[in-house]
Amino acid sequence: MATWQCIKQCGACCHLDPTERPDLEEYLSPEELGLYLSMVGEDGWCVNFDHETRECTIYADRPRFCRVQVDTFQDMFGIEAEELNDFAIDCCHQQIESIYGDRSLEMIRFDQAVGF
């Protein structure tokens, strides 16, 4: 069985371009939406994403919407605990494919890490 995990030096989820996420208002509070939009750089990437190291510079203090946790996903998307693993894997697959491609090194590393 595949088990979700974040892979280091991927950063696909750090591409925050709001034009690619038109439903943000449906799952973020007004305060969170403001924070989210303030984090989007001119290139669509999070201003806290270091492109050289490909890591988040505020990882320990990142906002709630940047965390894959049961309570967060239940509140934001209505995902129950037993559904989180599959949902998170699907989300990562979609995001990694859209940013890097379905045959990218990031996708290969992700699939190996989760056990696909």
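Note that the structure is predicted; figures quoted are calculated from it, not measured. Just so it is clear, the values below take in all heavy atoms, side chains as well, and ignore hydrogens, waters and symmetry mates.
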Please output the side-chain donor-acceptor pairs of residues 11-20 that fall under 3.5 Å, not counting sequence neighbours, one pair per line with the distance.
from: D17; atom 1: OD1; to: T19; atom 2: N; distance (Å): 3.0
from: D17; atom 1: OD1; to: T19; atom 2: OG1; distance (Å): 2.7
from: D17; atom 1: OD2; to: T19; atom 2: OG1; distance (Å): 3.2

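In this pair, H51 and F49 present their aromatic rings perpendicular. The plane angle is above 60°, beyond the 30 to 60° band.
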Test salt bridge (Lys or Arg N to Asp or Glu O under 4.0 Å) applied to R103 and E97, step by step: CA-CA 8 Å; R103 296 173 189 243; E97 181 177 348; over 6 Å; no
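F65 and Y59 sit in two unconnected hydrophobic clusters of ILVMFWY residues. Membership requires side-chain heavy atoms under 4.5 Å apart, directly or through other members.
Here F116 pairs with H93 under the ring pair (Phe, Tyr, Trp, His ring centres under 6.0 Å) rule; sequence neighbours left out. For D75, the side chain to side chain donor-acceptor pair (under 3.5 Å) partners at least two apart in sequence or on another chain are R64. Applying the side-chain contact (heavy atoms from CB on, under 4.5 Å) rule to E55 yields the partners Q9, T53; only residues at least two apart in sequence or on another chain are considered. For E80, the side chain to side chain donor-acceptor pair (under 3.5 Å) criterion is met by Q74, not counting sequence neighbours. Residues forming a ring pair (Phe, Tyr, Trp, His ring centres under 6.0 Å) with F87 (at least two apart in sequence, or on another chain): F73, F77. Looking at residues two or more places apart in sequence or on another chain, you find a side-chain contact (heavy atoms from CB on, under 4.5 Å) between L105 and R109. In this structure E42 satisfies the side chain to side chain donor-acceptor pair (under 3.5 Å) test with no other residue, sequence neighbours excluded. Shown here are the ring pair (Phe, Tyr, Trp, His ring centres under 6.0 Å) partners of Y100, two or more places apart in sequence or in another chain: there are none.
Checking side-chain atoms of T57 against main-chain N and O of N48 turns up a donor-acceptor pair under 3.5 Å. N85 contributes a side-chain N or O that, together with a main-chain N or O of W4, makes up a donor-acceptor pair within less than 3.5 Å.
To the nearest 0.5 angstrom, Y27 atom OH is 9.5 Å from L33 atom CG. In this structure, the separation between CD on Q94 and CD1 on I89 is 12.5 Å, given to the nearest 0.5 Å.
When all heavy atoms are compared, the tightest approach of G101 to M107 is O-CB, 4.0 Å. In terms of heavy-atom proximity, R67 sits nearest to P63 at CG-O, 3.6 Å.
Residues in residues 81-90 take part in no salt bridge (Lys or Arg N to Asp or Glu O under 4.0 Å) pair, two or more places apart or across chains.
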